[in-house]
Amino acid sequence: MDESALLENYLIVGALLFGTGLVGFFSRRNMIVMFLSAEMMLQGVSVNLVAWGRYHNDWGGQMLVIFILTVAACEAAIALAVVLTLFHKSGSLDIAIWQRMREENQPAYVDRDVSPDYQPDHQWPKLTPSGIEPKPDLEEITHRAHV
Amino acid sequence: MPTLLLLTIFTPTLGALLVWAFARNDHAAVRQSALVTAITTLGMIAVLLGDFAATDQPYATLSYPWLGDSSGIDIRFSIGLDGLSLWLFGLSALLLLTSVLVSWEAIIDRPATFYSLLLLLGSGMLGVFAARDIILFYIFFEFTLIPLFFLIGVWGSEDRRYAAAKFFLYTLAGSVLTFLGLLAIVLWDYNHNESEIMTFSIPALTAGLAQHPIASPYQLWIFLALFAGFAIKVPLFPLHTWLPLAHVQAPTAGSVILAGILLKIGTYGFARFSIPMLPEATATCVPWLLGLSVAGIIYGALVALAQSDMKRLIAYSSVSHLGYCMLGLFALTSLSVEGSVLQMINHGLSTGGLFAAVGMVYERYHTREIRQLGGLARRTPRLAFFFVLFALSSIALPGLNGFAGEFLILSGMFQRAWTAAPQALVLAYQVMTVLAVFGVALGAWYMLYLVQRVFFGPLKEADHSHSDPPIRDLSFHEVAALSPLVVFIVWIGIQPEFFLGRMRATLGPVADNAVEALDERQGRHERALVGPPSWSDTSGAAGLPSSANRIGGQATRGTRHFSPVDSLVSPPQLPLGELTRVE
Amino acid sequence: MTPGIPTLLILIPALPLTATIVTAVFGRSALKQNSHRPVVLALLGSFVASLMMLAQVRQESEAKPSQMVGWETSVDLWNWAEVPNALNTPPAAHSASVQGIEHGLPAALPFRIDLTLRADALTSIMLAMVTFISLLVAIYASGYMHGDRGYWRFFSYIGLFVFSMTMLVSASNFVLLYVFWEAVGLCSYLLIGFWYEKPEAAAAGKKAFLVNRIGDFGFALALFLMWTTYGTLNFHDAHGIAGILGQTRLADPELYVGGGVATAICLLLMLGACGKSAQFPLHIWLPDAMEGPTPVSALIHAATMVTAGVYMVTRCTPLFMVSPDAQHVVALVGFVTAAIGGVIAMTQTDLKRVLAYSTISQLGYMFLGLGVATLGGITSGMFHLFTHAFFKALLFLGAGSVMHAMGGVVDMRRFGGLRRLMPTTHWTFLFGCLALAGVIPFAGFWSKDAIIAAVQERAHDEPEFLYLYWGALVVAFLTSVYTFRAFFMTFYGSERVPYEAGPNAHESPTSMTVPLTILAACALVVGAYFERTEGFAEFIKLTPSLAYEVVNSKNVEIVSQSHTLVGAISTLVALTGMGLAAFLYLGDESQVALLTRLLMPLYLLSHGKLFFDQIYNVLFVWPLWTLAQASYWIDRVLIDGLVDLVGRIPPKLAALLRPLQTGMVQFYALAMVWGVVILIFTLLTWPTH
């Protein structure tokens, strides 16, 4: 496998990571998920850097990624702290709550109600809503107790 | 002496720090230390003024590098006095003392902050007049806004916030443009002088621009940029509307300083920068500026006549009187320029005094409405005496200071209109002169109206039941606040030469270039009949670039630039005047 | 050893000034009811000094060196202002020392004003007159004002006035003249408004000041015009430059600029004189000025200050000589004023107002004399000024004495028949009336006659003056009628005393009657004495302004025959007037009522003071007032509105961008991505070269 093909694969992975992160950031309103998406974009860029570094035989890319990881760790700490504070203030992780920070007299985005006769044709797997204490599944507990 | 000057400027700052640091909680200590600071400043200035010799050389200069780098930017901390700034410098300290004394009992809310700001303002005013570097000047120029903004906004009357904001924004908007204009002057000089140094020194720039004048179209734009800041500060009609508002809302001390000093910074700026540095643009704008000044004189007087609020009346009278200052400055004759600078001092004394006196009335009756008061001469004869005296000074009663200034200005303007007006504008100039003289009569009308309503007639006192002490005549400190002003009002009135003589040597060169430019515009044949005055006959030897130099400079520059405006009004002409002068 | 003229010249104004300062400083606390003492002493000193000066000036004038045109001397005190190279030398400027040499002056002249006092015949006689009258009035006022709360204030104002007035007549340049011209106006303002609690008094003071300011507006313009025309404002030759009224110009009258400029200068000066001397159309302030204390009316508004205009025009005779148009205006203004004053005085019921209008009328006579512009006319105008000062001061002080006794009432309808109650006042007042009406041999006869005769003389050259001559005779008739109307209404008829006077109305105290008696004696003899010795005209003629050849060449020797004729006619007129007044006002007043009904429109006009106040209100005051209100409206709504409008622009601009701040984080992120995309796209597609 020649060098450029290898690079191409890495770049595709990086782009996929970045794109997924971007779409996730745009489409989700849960702050933690948004944060995760942002991290994913960051990792996409990191993969890019590593790939190019390898391609050019230059350790600079790898080095930069190490830095990015370190900084991302700090950033994650701060971001989570911010998210936590926001949660404390509003009691919700929905970012749309904070649209009250908009300019005065601007119309708010209102969530359209889902029409009652809407039947999702397919039940997608769902992540546990983050930040909300999951309801303890009694069966699970009792089942475990028997293990 | 330079050290003394430096100390003088920063004594009020020092006083402000001391007041704030050590006496914050003790009202008596606060005002006593403020008073001591003001008296010390005044004393030091008295020493400086006593030592001043009437030459055109700058006095007590001090200059050391301040901001600058290897690329040749040379911003210096450079101070000094000359005939133009001398008396304004002294007046600043005098009115600082007055304003400290008039606040003696009026300010009970957060006195330490008040006096600190007042003293800081004092430093700012002194600095403006002493600065000899453009950046330093501009810093002081803008710095005066900040303490006054707080003085009006915190200790003012009912509508103080709006007034403070308007005052601040209006003047700031103008002075930003002024700063651009000043920078343009510096850059032009940098691009055209031989040395590699970008100088910000005012005298160096004045001399430099005389050697290599700014090309005409640029001159006009730069003039307009400077005009924006200075004309608003003056305030020249129709840029005056912030003034009545700020005066009415300001505390007494703020009004005194504002009317007495801050307005003069505008006229001072014209005399310091616009006229000597931009002579051709000055010559172009003279008819407009004279027109605006006269409009301000008449308009200010008329509007003052329609007022029911004492402070607003006096504020509009300031618009009228500052019109005389501008008229004198831009009539560009030796009489009128001297009169104009004298009038700056006069207006500071008389209007400062009037505002102080109105403040004393307000302290007693808590009203400024003319119709709520009457016959106060019976209740407060001393206050009436001072008020009438200031009013008489303000309406230019001969024998008091206002007359000396206005007489010189008007005779200079008359001279301009009758013997040296451009042909197309002779009639307009003459009408302006007659209107300006008539303004003096109108001035008497509104001022005497005020005096008659408030101090004469049957006693009518506004409801003052909520103030416990009975109405008293002036107390000792109030008399002490007003008396120094009276001394100077009378002194200038009976011997203006004492004051004029010390400023004369500086004032000649101020307008010299502009007069020449004006002369040139008006054409040689007119001059042959009746020429405008020129100082160059005598002042050529006194440190001015001589005519020979100018002609040399012109020869190297080649053809002269004429602005489009210029060529519309009068076609470009050969500088024959200068050729004849060589003979 | 007698002090020299310079010392006296300084001493005369300095004494009243010192007294003013002393009274102002110590009056309230220490002097109190003794406040008149320093002032009276100072005025006495000034009067003695003026007499000494008069004698010395007379001596010097008569022994003047032959090359001088009238004797004068001047004293420099200090330099008021000196602006070098102020004015490019105008063609009419002239060197004082080298006559006829074109290049005697530098290219530019300095604006140099000194505090210079001068002495000559005109000044010295004015000084003597002013100090004498003010001394008597001050003595009188010490009785009249006794017990007033502002006693000290009154006397310090009086001192200030005498200082200003003496400086005015001894000033030797136009600026100084203008300075004290306004200073006496200020004293007048302060003294009219002396009882400032009275709204009428305060308003009258303001009115006087403002009307005078209109006049001073003209005066100031005249000053500027003279400055640009002659390059100096000095009367005398000084510092190598020929003064406007100096020896050089007087010796060579060709040096005066004629034509339109001269007329403009003269008319503007005349406007100033109209203000100060209450001439038509600026006469409206003087009647209102009667709100002041009566001694003030006598001193300022009858004898001295109001004659400043006459003094000034006399002083400027050489300027008026080059402008015949201006002379005609002066004569016409004088005559019109005399007529207006006479007509209005006929029907006034306020004793002081009758006297005020008669003052206006007599001042008109003086200007008529000056407008004749012959030596005879000018000297007779000045002569009338001189005699008028005595008898008008006498009349006012007499009226004051009546008011004093009547408890401040001046309405002649409310008292009458006072001759037994106040014998001294009655006799002295009668002397004043006879002098005013111009009955031989009282002072007014000689001077008024001289004016009328001068007008008739001028009519030989210019027939138009014949109208003025007949007009002046008619006014003389009116004068006689209204004077004696006032006299009879006050002192004759049945004895009536208003209730304000209290139960025992009595003759005034000695301090008041002594000045009255002295003035009455003066009113009797002063005219005849000077007329018989020809002393006044001969002396005044020695003033530089009057001694030069143009005036003298026009001087037709007063033909004694016509003078006698004029004298006879005017005496006849005066006696007829007296007779008419006696017929109407002695005995029952049914004739008056009948006459009033017959001449109702005329009566209303006269009683309404020809409605000058109302006309001026409509023509000037209200329009200006409306303009003021309109300007204020423009200021608030248009100019300030525009400023506020400009202030609203940045918020409006910012509002355009506000919808971008949605508060939705995703929107911001999207915007950022789009921004990056557009940037990259632009970069990629940017045309290189």
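Residue numbers start from 1 in every chain, and the chains themselves are labelled A, B, ... in the order their sequence lines are given, proteins ahead of strands.
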### Query
C/Phe224 vs B/Phe414 aromatic rings, parallel, tilted or perpendicular, using cut-offs 30° and 60°?
tilted
### Query
Which residue out of C/Leu624, C/Asp216, C/Ile214 racks up the most heavy-atom pairs below 4.5 Å with chain B?
C/Leu624
### Query
Counting distance only, does the side-chain N/O of C/Trp78 pair as donor-acceptor with the main-chain N or O of B/Ile494 below 3.5 Å?
yes
### Query
Between C/Arg213 and B/Leu442, is there a donor-acceptor pair closer than 3.5 Å when you use the side chain of the first and the backbone of the second?
no
### Query
Heavy-atom distance under 4.5 Å to chain B: side chain of C/Asn212, backbone, both or neither?
neither
### Query
If only atom types and distance count, is the side chain of B/Arg378 paired as donor or acceptor with the main-chain N or O of C/Tyr196 below 3.5 Å?
no
### Message
Report which part of C/Leu225 has an atom under 4.5 Å of a heavy atom belonging to chain B: side chain, backbone, both, or neither.
### Response
both
#### Entry: Donor-acceptor contact below 3.5 Å, side chain C/Glu82 vs main chain B/Gly501
no
## Note on the structure
Most heavy-atom pairs under 4.5 Å with chain C, out of B/Ile395, B/Leu239, B/Thr241, belong to B/Thr241
### Side-chain ion pair, B/Arg312 and C/Asp635, N-O less than 4.0 Å
no
### Query
Between C/Val211 and chain B, which part of the residue has a heavy atom less than 4.5 Å away: side chain, backbone, both or neither?
neither
### Message
Which atoms of C/Arg636 are under 4.5 Å from chain B, going by heavy atoms: the side chain, the backbone, both sets, or neither?
### Response
neither
### Query
So, C/Phe194 versus B/Phe456, ring centres under 6.0 angstrom or not?
no
### Task
Fit a plane to each ring of B/Trp445 and C/Trp625, take the angle between them on a 0 to 90° scale, and name the class: parallel (under 30°), tilted (30 to 60°) or perpendicular (over 60°).
tilted
### Message
Tell me whether the rings of C/Trp80 and B/Phe407 are parallel (<30°), tilted (30 to 60°) or perpendicular (>60°).
### Response
perpendicular
